[in-house]
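Comments concern the structure below.
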Amino acid sequence: MAGQGLKAGGCLGPKVYTAVPDGDWGWVVAVSFFIVEVFTYGVIKSFGVFMPDLMSDFSESNSRVSWIVSICVFVMTFTAPLSSVMSNRFGFRPVVMLGGFLIALGTITTAFANSINEMYVTIGIVSGLGYCLTFLPTVTILSQYFKARRSLVTAVASTGESVSIFAFAPAFTALKECIGWRHCLIVIGVLQASIIVCGALLRPIIIKPTDEEDDGTARTVPLKQLEDEYTLENENTRTSITSSDSGVQSLSASRTDLAGGEQKALMSEDAPPSMKMPPCEEAESSPAPPPPTQPKLLDFSVMKDSSFICYALFGLFATLGFFAPQLYVIQLSVSRGVAKEQAAYMLSAMAVAEILGRLSIGWVLNRRPIRKIYILLTCVVLLCPVLVMFTIVCDFWGLSICCALYGFLLGTVASTHIPMLAEDDVVGIQRMPSAVGVYVFIQSFAGLAGPPLGENYGSAFYSCAGGMALGAVFLGLVRPAKAWHCCANRGRQQGEQAQEEALPVAPQAKEEAPEDFLELDVTMETSPKKHQSQGR
């Protein structure tokens, strides 16, 4: 197996592997991500069923009510750097559990709101912050548990969003007809509290490379030592930031320090008495260890990468087409003469097609060799004419076909645009934990312009198509920008190497001379002949 796991002592302790497992506890993390998708994006995209009730009960316009989802989406994406900082500082598990509590709290308190302005705070800010603290850490740690199957598993697990839209749209409609929209929100909030349990199941993953002994056999560190090191690092995190809580980590560095200490101890024992120093002098003469390097809580250095900038701009403009169609497709269908009962099935048709799209893109991207970013670009380009078709067709079947096509292509894009950050074409798996926060933060500015696009539903779909087209342009520039960035780095390295080779050698020889003389003196001092002459 690619990653052979060592059984951890605690039932929810860290998981230790010699390589990325591509399974094992990763399947539990995948199920947790599925449930998180159900009660985050699934609930957000199904919120449109409550809009007619809110408009009638509070006598508000469609634009004012749409700002609830708009503020929620903005807060969810704008606070993405905070999610990255907290995950790197405290670990994925407590952050997701806190997010689940905030989501449930915001949804339940919304049931007692007396105005739309209060809902801006409860759902928009409180639940929006909770959505951010749950989704990003879960998708990040899921990417770290899988490598070869990453695209397929992420796509399948992300179908929770589509399944919930398919199930929640008719279920919420029937439930609010029986008990009212306020009690319906209380039920949803209680169900969303299950995210806390999902967060508790996100066990940290430790990648421990296997050492090779002199005889070629593999040597592994005892599990107890690994757990003690992990616990010690977690304790040190309270005063000094370490990388133990940020997901994947390597223990080779700390083990190298231990091996170095053992080697120094053996050398001091084998040395002759004339070369041994008293403990106090040895402590004074040995150089102080360098201070431990503290990894950045949020690494904005990805902004220097031109390929990441292009990819972030793609996410900024493509976000315009992620939420508005789900919010407005029912109202658009009714305005085109479709019966209200039939219009309710538009979201269901879109959700079923989105499930198929997510599963299809997962299967396609799992095939090798393939350039995944080009597949994503093709799906984004095809989304543009589909969004324009919504403004042209007028009958039930035409809108149904548009919903099916849009749902299928949206599933391919929505399930891959964040995990695509882990690919080397963008930033890679090592820089993903910090890059995902910056990426989603940039998307937040499009979240404000997405849902509240006015009373004219046709203009909303035109705006989505325009944003998706701009996103396709920047997505097409990611690979050329990456190639240019690599060529620039290679040229810089070659220039630095040429400068080092052109440096004069004489000063180096002078600097190394005292060390040579010191070695000669030590050799003469410890020579047996010299001791014999002194004995005479």
Side-chain angles (χ1 to χ4, degrees), residues 3 5 8 10-17 20-45 76 80 83-84 86-88 90-104 107 127 129-147 149-165 167-168 188-207 245-248 355 358-359 362 414-416 418-419 421-422 429 432-433 436-437 440:
C11 60
L12 293 179
K15 295 292 291 184
V16 183
Y17 299 96
V20 179
D22 262 327
D24 195 57
W25 193 259
W27 299 118
V28 179
V29 177
V31 174
S32 300
F33 179 63
F34 179 88
I35 299 175
V36 168
E37 281 271 329
V38 167
F39 293 113
T40 54
Y41 279 101
V43 173
I44 293 174
K45 292 186 176 182
M76 178 178 63
S83 176
S84 297
M86 294 182 65
S87 297
N88 291 334
F90 303 106
F92 295 123
R93 180 184 296 165
V95 173
V96 174
M97 295 176 69
L98 174 62
F101 172 76
L102 292 177
I103 292 173
T107 304
S127 292
L129 178 60
Y131 289 138
C132 176
L133 296 181
T134 55
F135 175 76
L136 291 182
T138 310
V139 71
T140 301
I141 194 172
L142 178 63
S143 299
Q144 295 169 349
Y145 267 97
F146 291 89
K147 184 177 181 181
R149 303 173 181 170
R150 182 185 300 148
S151 299
L152 180 61
V153 173
T154 305
V156 173
S158 66
T159 57
E161 172 187 340
S162 307
V163 171
S164 62
I165 295 175
F168 285 170
I188 295 173
V190 173
L191 293 175
Q192 287 177 321
S194 61
I195 297 178
I196 300 176
V197 180
C198 296
L201 297 175
L202 302 181
R203 302 175 64 175
I205 177 174
I206 302 175
I207 303 300
D245 286 331
S246 60
V248 176
I355 294 175
R358 291 174 183 267
L359 295 177
S415 62
T416 55
I418 290 181
L421 290 168
I429 187 63
M432 182 183 177
V436 69
V440 179

| Quick one: does Gln192's side chain have a donor or acceptor within less than 3.5 Å of a partner on Phe39's backbone? | yes
| note | residues 91-102 vs salt bridge (charged side-chain N to carboxylate O under 4.0 Å, His left out), sequence neighbours excluded, gives none
| remark: What one should report as the nearest heavy-atom pair of Thr40 and Val36 is OG1-O, 2.5 Å
| field | Chi angles and distances behind the side-chain contact (heavy atoms from CB on, under 4.5 Å) call for Val96, Cys198 | value | CA-CA 8 Å; Val96 174; Cys198 296; 5.5 Å; no
| request: State, to 0.1 Å, how close Gly130 and Leu102 come at their nearest heavy-atom pair, and which atoms those are. | output: CA-CB, 3.9 Å
| message | Treating Arg149 as the side-chain partner and Asp22 as the backbone partner, does any N or O pair qualify as donor plus acceptor under 3.5 Å? | response | yes
| task | Could you check if a side-chain atom of Val156 sits within less than 4.5 angstrom of a side-chain atom of Phe34, using non-hydrogen atoms only? | result | no
| Which pair of heavy atoms, one from Val153 and one from Trp27, lies closest together, and at what distance? | CG2-CZ3, 3.8 Å
| said: Using a 3.5 Å distance criterion without hydrogens, assess whether the side chain of Thr107 forms a donor-acceptor pair with backbone atoms of Ala104. | reply: no
| task | Please round to the nearest 0.5 Å and tell me the distance separating atom CG of Leu133 and atom CE of Met97. | result | 13.0 Å
| said: Quick check against the 3.5 Å criterion: does Thr159 have a side-chain atom that pairs as donor or acceptor with the backbone of Ala155? | reply: no
| Ser87 and Leu136, any side-chain heavy atoms less than 4.5 Å apart | no
| Quick check: does any side chain N or O of Trp25 sit under 3.5 Å from a backbone N or O of Pro204, one acting as donor and the other as acceptor? | no
| said: List the residues meeting ring pair (Phe, Tyr, Trp, His ring centres under 6.0 Å) with Phe33, not counting sequence neighbours, and say none if there are none. | reply: Phe135
| With a 4.5 Å heavy-atom cut-off, do Leu98 and Met86 have their side chains touching? | yes
| query | Measuring from Ser164:OG to Ile35:CD1, what's the distance to the nearest 0.5 Å? | reply | 12.0 Å
| What's the verdict on side-chain contact (heavy atoms from CB on, under 4.5 Å) for Thr154 and Ile418, showing C-alpha distance, side-chain angles and the deciding distance? | CA-CA 10 Å; Thr154 305; Ile418 290 181; over 6 Å; no
| request: Determine whether Ile44 and Met76 make a side-chain contact, defined as any pair of heavy atoms from C-beta on separated by less than 4.5 Å. | output: yes
| field | Which atom of Ser158 lies closest to which atom of Glu37, heavy atoms considered | value | O-OE1, 3.4 Å
| message | Show, in sequence, the C-alpha distance, side-chain angles and deciding distance for Ile355 and Val163, and conclude whether the side-chain contact (heavy atoms from CB on, under 4.5 Å) test is met. | response | CA-CA 7 Å; Ile355 294 175; Val163 171; 3.5 Å; yes
| field | Closest contact, heavy atoms only, Ile196 versus Phe101 | value | CG1-N, 3.8 Å
| query | For the residue pair Ser32 and Leu202, what are the closest heavy atoms and their distance? | reply | CB-CD2, 4.2 Å
